[in-house]
2 protein chains.
Amino acid sequence: MYKEPPLSGDISSPSRGPQLSEQVATRLSEAIQSGEWARGERLPTEAALGQRFGISRSVVREAISMLRNAGLVTSRRGSGSFVADAPTVSLRLALPDSDLASVIEVLELRRPLEVEAARLAASRRTPSQLRRIRNAMVDIDEAVEAGLSGVEQDLAFHRAIAEAAHNAHFTAVLDFYNRFLHHAIQVTRTNESLRETFMQQVVAEHQAIVDAIAAGDAEAAAQAAARHLEHAEVRLRQAPEDLIARVQAQRPGAPE
Amino acid sequence: MYKEPPLSGDISSPSRGPQLSEQVATRLSEAIQSGEWARGERLPTEAALGQRFGISRSVVREAISMLRNAGLVTSRRGSGSFVADAPTVSLRLALPDSDLASVIEVLELRRPLEVEAARLAASRRTPSQLRRIRNAMVDIDEAVEAGLSGVEQDLAFHRAIAEAAHNAHFTAVLDFYNRFLHHAIQVTRTNESLRETFMQQVVAEHQAIVDAIAAGDAEAAAQAAARHLEHAEVRLRQAPEDLIARVQAQRPGAPE
DNA sequence: AAGCTTAATTTGTCAGACAAGATGCTAAAT
DNA sequence: ATTTAGCATCTTGTCTGACAAATTAAGCTT
């Protein structure tokens, strides 16, 4: 039995304006969302699609790449491209600047989340998660002793706590925003490393959070986290201007 | 004068696992987000990038295609690819289910954000923003008296508070997650409308938040918001199962 | 100096090829 | 007969080279 090709027609003739690959992506997207192919079903090969639309494989690949980025399809080498079975939604927002005001704006959002994450972690963490949090804290010290900044380890420490909260939304949002704090954390850590008292203070604050989580004391964990983040913001504001500029300059190929 | 390429190193040698184009996209993305190239600046040609990474132009194109789709760069034929003037980053996550557990997971994240937003709004709201918050509260009552559910007005009320916090990240994240709460809020509001005492309770809670924000009392605003959200969760949990199902069925094209 | 023409660049598209996995069939082994 | 090993085939990923289309810059004319 012959079945009329659902996506019919050469595409080159009508619309010449927009990008070719975009048109194809749009049509494929519509076809998928209209249920043309079921979830998890394999869609035609790139060659077949190219022939159907009368375009080259390159364009098909670009179009499918868009759909893949949009979370509508997944591709497996050697196997094919499939309609995603777990559709995703995306939050798009402007890339924050890296000046002090913008960083503090991000910190304002991060603080209540980290505090709540610590609170939840205290009452929900599994033994293995507690172990991972403790390891992350040790990793920070080791990185510092090795002469590194310890930024990655610092972020990993906070991520371990977020994971222990057993709520994927916290890790998602915090991961998302922490990407913009690399530089800011580097500044505070560099600043802290210049004063022995600051360094001890940070270690003590981390320790307090971990102790509260280990004890399962949700309120204490929340308070310890709140204290830590408030102090971190203070330490960031107190960082000398020239230090901010200097750390910024350390980034590979920053100024010209 | 020779300048060491900021993004150095052949990429093919170390990691063979993940997709090549994905690695390149990641490295370019990091470079952009770390300010490697300024906003609106042109990045190297595809050929140059290919040479720098030791890969073919196809892979560079795929990588740039990803960044373009992610809103980080824009490409102009004949001219080049540029860092987007208003670069955006996207947080992608799985579409939450609408069952009770998933809704409560979202609420867990929303609560600390709404509380902090109320706290900030109390100390930062402009007179016009206070007016808008009050109007939003009135709109809820009017919608209810008109026989509507008031879900939209309820969300608008919370959004007005978030806006008064003067931090775009709060509105962005809350807007994002509130999309998934339409149904849940409808359930609670429907449930509340069935009992006069619940209804009065909700109005009183809203009033307490607004009063604290109007008075500029940050702590009182935070506490009032926390109380409201805790009670809302309780009211959601107490909603009869059949009510949840009934409201769900009202959604356009819900069941098959 | 201003405007037009032309050449050089750069992305978009095409075409063909091979590499890297994945799938399914066939034949051998138990 | 069932399982296993090998093998042919298919599909996506990457490479290479080429041309088309659009932009940019230089040069030339006036």
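Since the structure is predicted, the reported quantities are computational estimates derived from the model, not experimental observations. For the numbers below, each heavy atom of this structure counts, side chains included, while hydrogens, waters and symmetry mates do not.
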Could you check whether the side chain of B:R57 and the base of D:dG17 have a donor-acceptor pair of N or O atoms closer than 3.5 Å, going by distance alone?
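Side chain to base: no pair below 3.5 Å.
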
Between the protein and nucleotides 21-23 of chain D, which nitrogen or oxygen pairs are less than 3.5 angstrom apart?
residue, atom, partner, partner atom, Å
D:dA21, O4', B:R77, NH1, 3.4
D:dA21, O3', B:R77, NH1, 3.2

Does B:A48 offer a backbone N or O that forms a donor-acceptor pair with the side chain of B:Q51 under 3.5 Å?
no

Is a side-chain N or O of A:R68 found less than 3.5 angstrom from the main chain of A:V73, in a donor-acceptor match?
no

Which one, C:dT13, C:dT11, D:dT14, comes nearest to the side chain of B:E46?
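Of the candidates, C:dT11 comes closest.
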
If you check every side-chain atom of A:R68, which of D:dG13, D:dC15, C:dG12 has the closest atom?
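Looking only at side-chain atoms, A:R68 lies closest to D:dG13.
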
Reckon B:S58 touches a base, only the sugar-phosphate, or nothing at all at heavy-atom distances under 4.0 Å?
base

Pair A:R52 + A:E46, salt bridge at N-O below 4.0 Å:
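Judged by the 4.0 Å cut-off on N to carboxylate O distance, A:R52 and A:E46 do not form a salt bridge.
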
Residues A:R179, B:E30: salt bridge by 4.0 Å N-O rule:
no

Residue closer to the 5' end of DNA chain C, A:V59 versus B:R42 (nearest nucleotide):
B:R42

Taken in chain and number order and not counting sequence neighbours, the residues that satisfy ring pair (Phe, Tyr, Trp, His ring centres under 6.0 Å) with A:H169 are B:Y177

If each end axis of the helix from C:dA1-D:dT30 to C:dT30-D:dA1 is fitted on five C1' pair positions, the angle between them, to 10 degrees, is 10°

